[in-house]
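FYI, side chains are in, hydrogens and waters are out, and symmetry mates aren't considered; it's all heavy atoms of this structure. Since the structure is predicted, the reported quantities are computational estimates derived from the model, not experimental observations.
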Amino acid sequence: MQLLSISKKSVFFTLFGIFLMIQSHRQSKIPDAHVTCIYSEDCILPCTFPPSLEGVVFQWYKQETLIFSFLEDKDESVHSDISVFTDEVSHGNASLLLEDSSIRSRGQYKCVVNTTKSVWESNVIVKVEAPISGITIGVIPTQHVQCSSHGVYPAPLLKWSTDPSLARTSPQAVTRMSADSNDLFSIVSTLKKMSTNLNLTYICSITSKYSLQSWRASLLQTEMTVHFGQHLVIPCMAPKNIKNLTLTWTFISMNTHTDILTYYSETQRIQYYWADQGELDLYKALMGDGSLYLKYLGSKHSGTYVCTFTGFQVIHIVQTLVKNNVAKAISQADSSGFKLWMAALIVAAVALPCVIYCIYNKCKVSQLKHYGQDPQQDTEMQAMHKDNSVEDLPTENKPLAEYNNEDL
Ligand SMILES: *[C@@H]1O[C@H](CO)[C@@H](O)[C@H](O)[C@H]1NC(C)=O
Ligand SMILES: *[C@@H]1O[C@H](CO)[C@@H](O)[C@H](O)[C@H]1NC(C)=O
Ligand SMILES: *[C@@H]1O[C@H](CO)[C@@H](O)[C@H](O)[C@H]1NC(C)=O
Ligand SMILES: *[C@@H]1O[C@H](CO)[C@@H](O)[C@H](O)[C@H]1NC(C)=O
C-alpha cells in the first residue's frame, strides 16, 4: 500500500515536472503593447523578458519583415535609424529605439526573444502622431474668416462656433484638407462672416484625433468712431480661464504694422516698442483686461489696432478699426474756411486793380476828352481784362461752390 502510494506520488510529480518543462519551453505571449510615436521624435517600442545571464538572442520584425537582430552581443540593424539599448539587454530589456519617427513608422511590430529557457514574443502596435503645433485665424477679403493648421497627422477635426452663439444660423464653412510629401495634413477652413449688428466672435477649434488635444482660435472685428485731441480706451478682454498669456498690441495703418507693446502675464512685465503711443493698465491686465490706453489722439492714430492674446493652445484676436469721423468734419470745415479766405483774397486781388483802373480810367477819359482822343482802344482793353477775370474766378470758386453744396 505504501509502495503503491509512493509510486502514485512519483507518477504525479513526474507528470507535474513534464508539465512545468512544457510550460517553460512554450512560447510566452505577452499582451500587445500600443505606442503612439511623436512625428520626427525618437520613439521606444517596449519589449521585456525575464533577465537571463546566458546568451540572449532576439529579433524585431515589422509586419513579419526582419528589421533588427541581436545575436550574442552583436546587433545587426537593417536600418541606421533603428537600434536597441545594448546595456539593457542583460536586464531583460530588448526595447527598440526608432529615431526620427515618420508616418511610415506606423504598423505592427514583433519582438522575439530566445533565452536558453524560453522564447518570448510580444507585439507592439505603433501609431504616429504629428500633434497640432499651431493655429492661425484671420480675415480674408470678401468678408470671410479663415482658420488653419499645418503639419498634422492624422487628419484633425475642425469646428466653428460664435460668441454669442447664433441659435438659428449655424456657421457655414468650406474646409479643405491636403497632405504634403511627408504625409502630414494641412487643414484650411473658410467661413463667410455673418451679417449681424452684434460684435460677433468667430471661434475655430481644431482637435487632434489621437491625443484629443484641442486648439482654439477666435477673432472679433469691431470699430470705433473717435474724436481727435481726446484719449481713447480700446477694449480687449482675455479669453476666460486661460493662465500664462502673452498679449501683444499692434497698429496697422496703410499696410504698415507697428508693434505697440507686449505683455507677459507670467512675469507681469510690459515691453513697450512704440514710445508714448499706448499704455496698458498693469492691474487690469492681471485680471485679464488688456485694453489699450491712448493718451492723446492725433491723425496718425487712425487705423486698425490688433490685440492678440496667445496662451497654451489658444489664440484670441480683436481687431478694432479706429475711425475719425468728427475730426474729419473739423478738418473739412477748416479747409472750407481757408478756401473762403482764398476766394476773398482773389476777389480782392482782381477787384482792386479794377477799381484802381476805373478810377484811373475816369480821369483818363476826362483827360482824353480834354485832349480829343478816342477812348475806344481802352474799352477793348477793359473787355480783355474782364475776360481774364471771368476765366480766373470760376476755377477758383468751383471747389468752394461744390464743397458748400455738399456740406450744407
Ligand atoms: C528599456 O531601456 C530604455 C533605455 O534605457 C528605457 O528608456 C526603457 O524605459 C526600458 N524599458 C523598460 C521596460 O524598462
Ligand atoms: C528562437 O527560438 C525559436 C523557437 O525555439 C527558434 O525557431 C529560432 O530559431 C530561435 N532563434 C534563434 C536566433 O536562435
Ligand atoms: C461693439 O464693440 C465696440 C467697440 O468695443 C463698441 O463701441 C460697440 O458698442 C459694440 N457694439 C455692440 C452692438 O455691442
Ligand atoms: C508660460 O508661457 C511661456 C511662453 O509661452 C513659457 O515659456 C513658460 O514656460 C510658461 N510657464 C508656465 C508656468 O507654463
Side-chain angles (χ1 to χ4, degrees), residues 9-131 152-156 179 181-185 208-213:
K9 263 185 190 163
S10 67
V11 168
F12 173 77
F13 280 117
T14 312
L15 284 173
F16 185 68
I18 291 163
F19 171 78
L20 274 180
M21 274 172 70
I22 292 166
Q23 189 72 351
S24 66
H25 274 94
R26 233 182 70 170
Q27 286 204 346
S28 308
K29 191 98 193 218
I30 301 160
D32 292 356
H34 291 263
V35 172
T36 302
C37 299
I38 302 300
Y39 179 82
S40 84
E41 286 183 13
D42 292 353
C43 189
I44 296 172
L45 315 194
C47 177
T48 51
F49 58 93
S52 168
L53 293 172
E54 286 122 280
V56 174
V57 173
F58 66 84
Q59 293 92 30
W60 272 97
Y61 297 86
K62 184 188 178 191
Q63 250 100 353
E64 304 302 327
T65 306
L66 183 71
I67 54 165
F68 189 92
S69 68
F70 182 92
L71 300 156
E72 286 147 22
D73 298 332
K74 272 200 291 176
D75 49 0
E76 280 170 26
S77 178
V78 179
H79 309 280
S80 62
D81 50 2
I82 294 175
S83 58
V84 293
F85 306 97
T86 316
D87 297 343
E88 296 280 334
V89 175
S90 59
H91 302 118
N93 182 347
S95 300
L96 191 74
L97 174 69
L98 291 183
E99 279 172 58
D100 187 19
S101 58
S102 71
I103 303 306
R104 284 169 203 95
S105 306
R106 289 173 306 148
Q108 186 173 342
Y109 290 72
K110 188 170 73 176
C111 151
V112 182
V113 184
N114 283 17
T115 63
T116 42
K117 286 190 198 114
S118 63
V119 177
W120 291 79
E121 196 178 307
S122 62
N123 285 322
V124 183
I125 315 296
V126 175
K127 285 182 186 174
V128 175
E129 176 174 31
V152 185
Y153 190 91
S181 57
N182 293 321
D183 303 320
L184 302 180
F185 289 103
S208 64
K209 268 186 194 153
Y210 290 163
S211 51
L212 296 177
Q213 51 156 198

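- Atom CD of Gln63 has more than 12 neighbouring heavy atoms from other residues, nucleotides or ligands inside a 6.0 Å radius.
- When all heavy atoms of Phe185 and Pro154 are compared, the pair lying nearest together is CD1-C, 3.9 Å.
- By the 4.5 Å heavy-atom criterion applied to side chains, Val119 and Val113 are not counted as neighbours.
- Of all non-hydrogen atoms in Ala130 and Leu184, the two that sit nearest each other are CB-CD2, 3.7 Å.
- Atom CG of Asn114 sits about 11.0 Å away from atom CZ of Phe58, to the nearest 0.5 Å.
- Within the 3.5 Å criterion, the main-chain N or O of Lys127 finds no donor-acceptor partner in the side chain of Thr36.
- Side-chain contact between Lys110 and Glu64 is present, with at least one heavy-atom pair separated by less than 4.5 Å.
- When side chains are defined from C-beta on, Ile82 counts as touching Leu96, because their heavy atoms get closer than 4.5 Å.
- Using a 4.5 Å heavy-atom threshold, the side chains of Val126 and Arg106 count as separate.
- Remark: side-chain polar atoms of Ser101 are paired, donor with acceptor, to backbone N or O of Ile38 under 3.5 angstrom.
- Leu97 CG to Phe68 CZ: the interatomic distance, rounded to the nearest 0.5 Å, is 10.0 Å.
- No side-chain heavy atom of His91 sits under 4.5 Å from any side-chain heavy atom of Pro51.
- A donor-acceptor distance shorter than 3.5 angstrom exists from the side chain of Asp42 to the backbone of Asp100, with no hydrogens or angles considered.
- Contact annotation: the side chain of Cys111 never approaches that of Val124 to less than 4.5 Å [non-hydrogen atoms, C-beta and beyond].
- The two atoms that bring Tyr61 and Val112 nearest to each other are CE1-CG2, 3.9 Å, heavy atoms only.
- Note that the OG atom of Ser105 and the CG atom of Asp81 stand 7.5 Å from one another [nearest 0.5 Å].
- No hydrogens or angles considered: a donor-acceptor pair under 3.5 Å links the side chains of Ser118 and Trp120.
- Residues Glu88 and Ser95 have side chains that never bring a donor and an acceptor to within less than 3.5 angstrom of each other.
- No donor-acceptor pair under 3.5 Å is formed between the side chain of Thr115 and the backbone N or O of Val56.
- Closest heavy-atom contact between Ile103 and Asn182: CG1-O, 3.4 Å.
- The shortest distance between side-chain heavy atoms of Cys47 and Trp60 falls below 4.5 Å.
- For the pair Glu99 and Ser83, the tightest heavy-atom approach, listed with the atom from each and the gap, is OE2-OG, 4.1 Å.
- Side-chain contact between Ile67 and Tyr109 is present, with heavy atoms from C-beta onward closer than 4.5 Å.
- Ion pair Lys209/Glu129 not flagged as a salt bridge, since none of the NZ, NE, NH1 or NH2 atoms sits closer than 4.0 Å to an Asp/Glu carboxylate oxygen.
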